[in-house]
Amino acid sequence: MNFGHLSMSQLDSLACKISNLSQLRQFHAQLIQNSLHHHSQWVSLLISQCTRLRAPPPYTRLIFDSTPRPDIHVFISMLKYYSNLGSAHFNQVVSLYQKLQCCDLRIGTFVYPVLIKSAGSKGIEFHAHVLKLGLASDPYIRNAIMGLYAKYGPVENARDVFAEMHERTLADWNNMIFGYWIWGNKAEACRLFDIMPERNVVTWTAMVTGYARMKDLENARRYFDEIPEKNVVSWNAMLSAYAQNRFPEEALKLFDDMMNSRDQPNETTWAIVISACSSCGDCSLADSFVQKLNQKRIHLSYFAKTALLDMYAKRGSLQAARQVFDELGVSRNTVTWNAMISAYTRVGDLASARELFDKMPERDVVTWNSMISGYAQNGQSALAIDLFKDMITAADDPKPDEVTMVSVISACGHLGALDIGNWVIGIVRKNHIKLSISGYNSLIFLYSKCGSMDDAKRTFQEMTTRDVVSYNTLIAGFAAHGHGMEAVKLLSKMKGEFVEPDRVTYIVILTACSHAGMLEEGWKVFESIKAPDADHYACVIDLLGRVGKLDEAKKIIDDMPKEPHAGVYGSLLNASRIHKRIDLGEFAASTLFELEPHNSGNYILLSNIYASAGRWDDVVRVRELMRKVGVKKATGWSWVEYKGKLHKFIVGDRSHERSDDVYRLLAELGRKMRNSGYMADKTCVLRDVEEEEKEEMVGTHSEKLAVCFALLVTDAEAVIRVVKNLRVCWDCHTAMKMISNLEGRKIILRDNNRFHCFSDGICSCGDYW
DNA sequence: CTAGGGTTAG
């Protein structure tokens, strides 16, 4: 195609026929080829097509930036483009405005409404600006400002501007109604609806979305059915009302009605329908839709394709998701990238997620949150915190929001990093981030995991509304500290406040009872569970097993209505170790070797049972079995927080800068221990991984390294807080008692199970006697 | 009117 001999009006009608992005790109290429891209009118036309086709921001911006001398129409079409995107691109808009001022163009007042609308939630920042310019009384500017306050609040400002208006357009009424609904003022919205001089389909649709927002689907439907002349938007509003309120089946039923009406679905419709399928969990239905769309050769917008991507990702078809992502090419926007990143983190592929994260052209809060929570949820708390630090130091990047903070606070909790946690809480305060229930829950988690139960309780009490997670988290904290009674009390408190316990509640309550040795209370709770699952059985086996009722425990396993899983036999094996029951230990272990042959813990437990009975041949046999199967003893990390940094240690690792001092102190402590009569106990065998450290005391476990580091750097009054990511074993526990006694220090060790408070050679936990 | 991110248990 050659544009050279086409007239302007011919080109214009050609541009309006463009129906997708690749055609747009061809058109663009043709303009460049014919050197027409220097002409503002063509650029402006091109950008309006970008708006119509919802082209991605980087592409559209590229078109704008490649224009040597944009005129006012190019600026306006670019601003309109941003205002149509819906999400705020404030920085871009500001830079456009600055550029506009530099361009020595005559700026008419008609620019300001567009400018205000295009800046999204931050458009209000232009309010002061237009006041300063003395333009605030311009009717069009007033409309824009009113609409903005209606959308982003405070809605009172919108009301005031609305009240002072001399002439109100239908759009003003609609905006005001829309604003009242956004801010939850149903009464005012309905009042305006009743008194307004005329209504159009937008008005009715605003009522539908308003009621949907209040989750009042019946009224939403009532208004929907009354709409005199529906359009696609009304249908879409009702469809998404169903989809977002978890009635995907209703949505799909309505979609059928829509197909039989004179309104045909548009791209938005497809986005809603696809996400409805995705939340339905009905893969085959979604597939049949996609098939139908392909057959009819219906073009899906990048919006709908992002929904499709997410649907594939949530169902676990990562390749399909990636294919959609790749096909989107230049049409990808931030949301597409974000959806793909979270698709990867969901399956634990952090490397692929990070690769995309680093490659992305523009990152928003959700991008950062996806990556940070990706790390946090895959056990990489330290990386989550590091990335958060990057986020707040990066100049151009978005400010953290509540979701960010929830992930980061939780990460600090997992690490037991209270100093870093407090620093994070300081950032929450400084940035005036309002915490919701989840935010408070993460605080309770942080405090519980750091041993500050008073703060955890205080946070819990400060909450005006608590959900089941609030209770579960605090109960889990009590469980880890051995506070069984407080846990049980909370269970009745939550019932009194009509918060329904869920399966996690029962797990944490049973754990609490078990740790506190509260057999009767625990049993009562277990019996009250309506449909106990295998996890609950594992807890109750642990409860019985710890107090020595192993035969009863075994009988319960035999009579279980459901198939017992590894956790159930694990509880039995552990109890067999505590009570030296070789018969049951062998039974449990042999089952476990079949269920999870690569879990080294089971082999270690069994060999410890044999060792405690002096059956060394069997110990050797288990060790050989491990070698044959190819399992190695798991090695765990331990760390201490010192001066806002985590100092991590692991068996055999000497990379820490104070390692030489640490090992020297360790040797010295070992000598002191032997002199005071401590003998390496033979019950802790299978210490192969620690062979290299034979010369030191009983194997050098990571927690001993961490404690020695803390002894070196902290003063004598400070409490030493160590966190280990595995369960502390018996001989190390004994060593901790000795160290606390020898050094006269209080040591708090949190393993992945519970708290151990050592002082004067005694530990608070009742686990190792 | 539409797509993406968060808390708890063993």
Side-chain angles (χ1 to χ4, degrees), chain A residues 54 86-87 202 205-206 208-209 212 231-241 243-244 266-276 278 301-311 313-314 333-343 345-346 364-374 376-377 401-411 413 435-446 448-449 467-477 479-480 502-512 514 534-536 538-539 542 565-568 570-571 727 752-754:
Chain A
R54 295 176 192 275
S87 55
V202 180
T205 307
V208 173
T209 39
N231 64 13
V232 204
V233 181
S234 342
W235 284 98
N236 290 348
M238 196 62 228
L239 280 172
S240 78
Q244 308 229 315
N266 68 1
E267 292 169 339
T268 304
T269 320
W270 296 118
I272 302 169
V273 170
I274 290 170
S275 70
S278 156
S301 67
Y302 73 100
F303 233 102
K305 280 196 180 156
T306 306
L308 192 67
L309 190 165
D310 188 56
M311 186 200 81
K314 283 192 175 134
N333 67 358
T334 317
V335 179
T336 328
W337 287 86
N338 293 348
M340 199 62 227
I341 288 177
S342 61
T345 60
R346 208 175 284 133
D364 66 4
V365 212
V366 179
T367 319
W368 286 90
N369 291 349
S370 306
M371 200 62 232
I372 290 173
S373 72
Q377 288 172 354
D401 65 3
E402 202 215 344
V403 177
T404 325
M405 302 328 269
V406 170
S407 291
V408 177
I409 292 171
S410 155
L435 293 184
S436 66
I437 296 184
S438 309
Y440 279 95
N441 291 349
S442 69
L443 283 179
I444 297 173
F445 178 68
L446 170 74
S448 302
K449 283 287 189 185
D467 65 4
V468 64
V469 179
S470 321
Y471 281 93
N472 293 353
T473 310
L474 190 60
I475 293 172
D502 64 5
R503 53 182 302 280
V504 177
T505 314
Y506 289 113
I507 291 171
V508 291
I509 286 281
L510 289 173
T511 310
S514 169
D535 289 339
H536 299 124
C539 291
D542 188 68
H565 64 2
V568 177
S571 295
R727 207 183 269 211
N752 71 348
N753 190 33
R754 61 188 307 173

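Naming: A, B, ... by sequence-line order, numbering from 1 per chain.
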Exercise. Whole angstrom is fine here: how far is it from CG in A/L474 over to P in B/dT7?
Key: 18 Å
Self-check item: Exercise: do A/N266 and A/N236 side chains pair donor with acceptor under 3.5 Å
Solution: yes
Exercise. Look at the side chain of A/N441 and the base of B/dG6, then say whether one donor and one acceptor between them are separated by less than 3.5 Å.
Key: no
Quiz item: Where the side chain of A/D535 is concerned, which of B/dT2, B/dT7, B/dA9 is the nearest nucleotide?
Solution: B/dA9
Quiz item: Hey, does the side-chain of A/N333 have a donor or acceptor N/O within less than 3.5 Å of a partner on the base of B/dA3?
Solution: yes
Quiz prompt | Between B/dT8 (P) and A/I437 (CD1): distance, integer Å | solution = 15 Å
Exercise. Report yes if at least one side-chain N or O of A/Q377 is closer than 4.0 Å to OP1 or OP2 of B/dT7; otherwise report no.
Key: yes
Practice problem: Side-chain contact test, heavy atoms from C-beta onward, threshold under 4.5 Å: evaluate it for A/Q377 versus A/T345 and give yes or no. | Solution: no
Quiz prompt | Separation of B/dG4 P from A/K314 NZ (nearest whole Å) | solution = 5 Å
Quiz item: Is a donor-acceptor contact shorter than 3.5 angstrom present between the side chain of A/D310 and the base of B/dG4?
Solution: no
Practice problem: Verify the contact: side-chain N or O of A/T367 to OP1 or OP2 of B/dG4, cut-off strictly under 4.0 Å; return yes or no. | Solution: no
Practice problem: For A/T367, check side-chain contact (heavy atoms from CB on, under 4.5 Å) against everything at least two apart and list the hits. | Solution: A/T334, A/N338, A/I341, A/F357, A/M360, A/R363, A/D364
Self-check item: A/N752 CG - B/dT8 P separation (whole Å)
Solution: 15 Å
Quiz prompt | Side-chain H-bond candidate by donor/acceptor type, A/T336 with A/N333, under 3.5 Å | solution = yes
